[in-house]
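Worksheet for the structure shown next.
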Amino acid sequence: MPDFELIDGKRISKELKDELKEKVAKYKEEGINITLAVIQVGNDKASSIYVNNKKKACEYIGINSVSYELEENVSEEELLEIIKKLNNDDNINGILVQLPLPKHISEDKVIETIDPKKDVDGFHPMSVGALSIGKKGFISCTPYGIIELLKRMNIEIDGKECVIVGRSNIVGKPMEMLMLRENATVTIAHSHTKNLKEVAKRADILIVAIGKPKFITSEYIKEGAVVIDVGIHRNENNKMCGDVDFLDVAPHTSAITPVPGGVGPMTIAMLMKNCVNAVEIQKD
Ligand code: NDP
């Protein structure tokens with residue numbers, strides 16, 4: 001296989017978490033104890049794993065976490081009341097509601113009820129708006145983590161052609177705004193894009209978040225491109241893969257994220273960074 005660099009999200013996320021740990025310790029010396037409230041509704045297995053990993057990361061870094069484990073049939077009203085109480089509690093710096101929620105609860109209403117100054121997931125319309133006009137605020141963790149990966153790998157973004165495949169509110173769209181902020185020339189592709197292979201082949205940096213296992217093959221890649229794979233899937237043998245066919249694509253890249261161990265670990269690390277950023281955001 002020709003040379004390509006593996007973008008090691010596991011290593012980089014550990015590096016970042018260790019830096020945050022130091023920062024949290026300094027805050028503690030100043031009497032600031034960062035606290036994250038984590039709300040889970042029901043006991044969906046995947047959600048429980050995510051919530052546990054988030055709590056473990058808090059513990060590692062020295063952030064307090066308080067859990068609210070609510071029954072699957074909790075009413076929307078009760079959930080909104082809990083959020084409002086947490087909004088008014090000065091001891092709480094961040095509020096996270098694990099998604100997806102049961103069908104009888106409006107995710108939009110829940111997201112919009114969280115105080116934008118405690119919105120550590122970065123999903124509130126105020127956070128999205130702030131990002132789009134370059135103001136201070138919380139940034140959605142997965143795209144925020146991708147920028148951090150690129151920077152820590154010394155991959156130049158300024159002036160590069162970046163193609164993002166996928167336009168979801170939590171990945172594709174904020175990713176577009178972040179890459180623009182870093183002065184890339186950005187194209188965002190989606191399921192109605194014509195000639196996706198040709199569009200993707202323009203990319204110096206190709207970011208894929210479509211939710212289709214091994215969809216992107218070497219036919220979509222310009223020789224030497226950087227490829228970031230956001231997708232997470234498990235096959236019938238419980239083995240993980242991404243939206244990119246890694247073995248086929250990697251030899252044509254200059255750098256690529258693996259799945260697992262690429263973007264995934266960065267998402268939780270950036271949630272921790274948002275919790276630390278909350279202290280500054282709440283001071284303003
Ligand atoms: P969504 O399902 O919300 O969005 C998928 C996007 O891909 C849509 O914009 C859709 O287009 C586009 N799309 C679907 N099929 C095609 C196609 N054939 N050609 C071009 N575009 C297509 O997904 P998410 O953004 O939430 O997640 C994407 C993947 O990333 C999933 O595998 C998810 O599990 C993973 N993920 C991983 C995270 C991590 O921490 N590593 C965090 C978040 C997500 P259209 O809008 O036209 O429908």
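Just so you know, ligand 1 is whichever comes first in the structure, and atom 1 is the first atom listed for that ligand.
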Next on the checklist: For F215 and Y220, take the angle between the two ring planes, folded into 0 to 90°, and tell me which bin it lands in: parallel under 30, tilted 30 to 60, perpendicular over 60.
Outcome noted: tilted
Next on the checklist: Would H233 count as a contact residue for ligand 1, given that I'm defining contact as a non-hydrogen atom of the residue lying under 4.0 Å from a ligand atom?
Outcome noted: yes
Checklist entry - Do any heavy atoms of A209 fall under 4.0 Å from ligand 1? => result yes
Item to check | Protein contact for atom 27 (O) of ligand 1 (heavy atom, distance under 4.0 Å) | outcome: no
Checklist entry - What's the shortest distance from atom 37 (C) of ligand 1 to any protein heavy atom, and which residue and atom give it? => result V230 O, 3.1 Å
Checklist entry - What atoms in ligand 1 come closer than 4.0 Å to a heavy atom of F215? => result 18 (N)
Checklist entry - For ligand 1, does I210 get within less than 4.0 Å through its side chain, its backbone, both, or neither, judged by non-hydrogen atoms? => result both
Checklist entry - Can a donor-acceptor pair be found between the side chains of S65 and K54 at a distance below 3.5 Å? => result no
Checklist outcome for this item: The answer for which part of T193 has a heavy atom under 4.0 Å from ligand 1 is neither
Checklist entry - Relative to atom 45 (P) of ligand 1, which among G9, S191, G231 owns the nearest non-hydrogen atom? => result S191
Checklist entry - Between I61, L16, V24, V120, which is the residue that forms a side chain to side chain contact (heavy atoms under 4.5 Å, CB included) with M272? => result I61
Item to check | Test item: side-chain donor near acceptor, T217 and D245, under 3.5 Å | outcome: no
Checklist entry - Of all the non-hydrogen atoms in the protein, which one sits nearest to atom 42 (C) of ligand 1, and at what distance? => result T142 OG1, 3.3 Å
Next on the checklist: Only heavy atoms of V171, strictly under 4.0 Å: list the atoms of ligand 1 that pass.
Outcome noted: 25 (O), 43 (C)
Item to check | Closest protein heavy atom (residue, atom, distance) for atom 33 (C) of ligand 1 | outcome: I232 N, 4.4 Å
Checklist entry - For ligand 1, is G172 a contact, meaning one of its heavy atoms is under 4.0 Å away? => result no
Next on the checklist: Need the ligand 1 atom indices (1-based, order shown) with element for anything under 4.0 Å from a heavy-atom of K212.
Outcome noted: 14 (C), 15 (N), 16 (C), 18 (N)
Next on the checklist: Return the closest protein heavy atom for atom 25 (O) of ligand 1 as residue, atom name and distance.
Outcome noted: S168 OG, 2.6 Å
Item to check | Region of T267 engaging ligand 1 - heavy atom pairs below 4.0 Å | outcome: side chain
Checklist entry - So, are E148 and R152 salt-bridged, with charged N and O less than 4.0 Å apart? => result yes
Item to check | hydrophobic_cluster_shared for V208 and M266, side chain cutoff 4.5 Å | outcome: no
Checklist entry - Just checking, any donor-acceptor pair under 3.5 angstrom between side chains of E72 and N43? => result no
Checklist entry - Protein heavy-atom contact under 4.0 Å for atom 2 (O) of ligand 1? => result no
Checklist entry - Which protein heavy atom lies closest to atom 31 (C) of ligand 1, and at what distance to 0.1 Å? => result G211 CA, 3.6 Å
Checklist entry - Taking NZ, NE, NH1 and NH2 as the nitrogens, is one of them in K23 or E19 under 4.0 Å from a carboxylate oxygen of the other? => result no
Item to check | Numbered atoms of ligand 1 (with element) below 4.0 Å of L196, judged on heavy atoms | outcome: 19 (N), 20 (C)
Checklist entry - Considering H190, R167, K173, which one's heavy-atom position lies nearest to atom 46 (O) of ligand 1? => result R167
Item to check | Side-chain donor-acceptor pair present, D243, H233, cut-off under 3.5 Å | outcome: yes
Checklist entry - Is K283 salt-bridged to E280, going by a charged N under 4.0 Å from an acidic O? => result yes
Next on the checklist: Quiz question: by atom type and distance under 3.5 Å, do the side chains of N93 and T35 form a donor-acceptor pair?
Outcome noted: no
Next on the checklist: I'd like to check N64 versus I34 (side-chain heavy atoms, cut-off strictly below 4.5 Å). Are they in contact?
Outcome noted: no
Next on the checklist: Quick check: H192 and ligand 1, any N/O pair under 3.5 Å apart?
Outcome noted: no
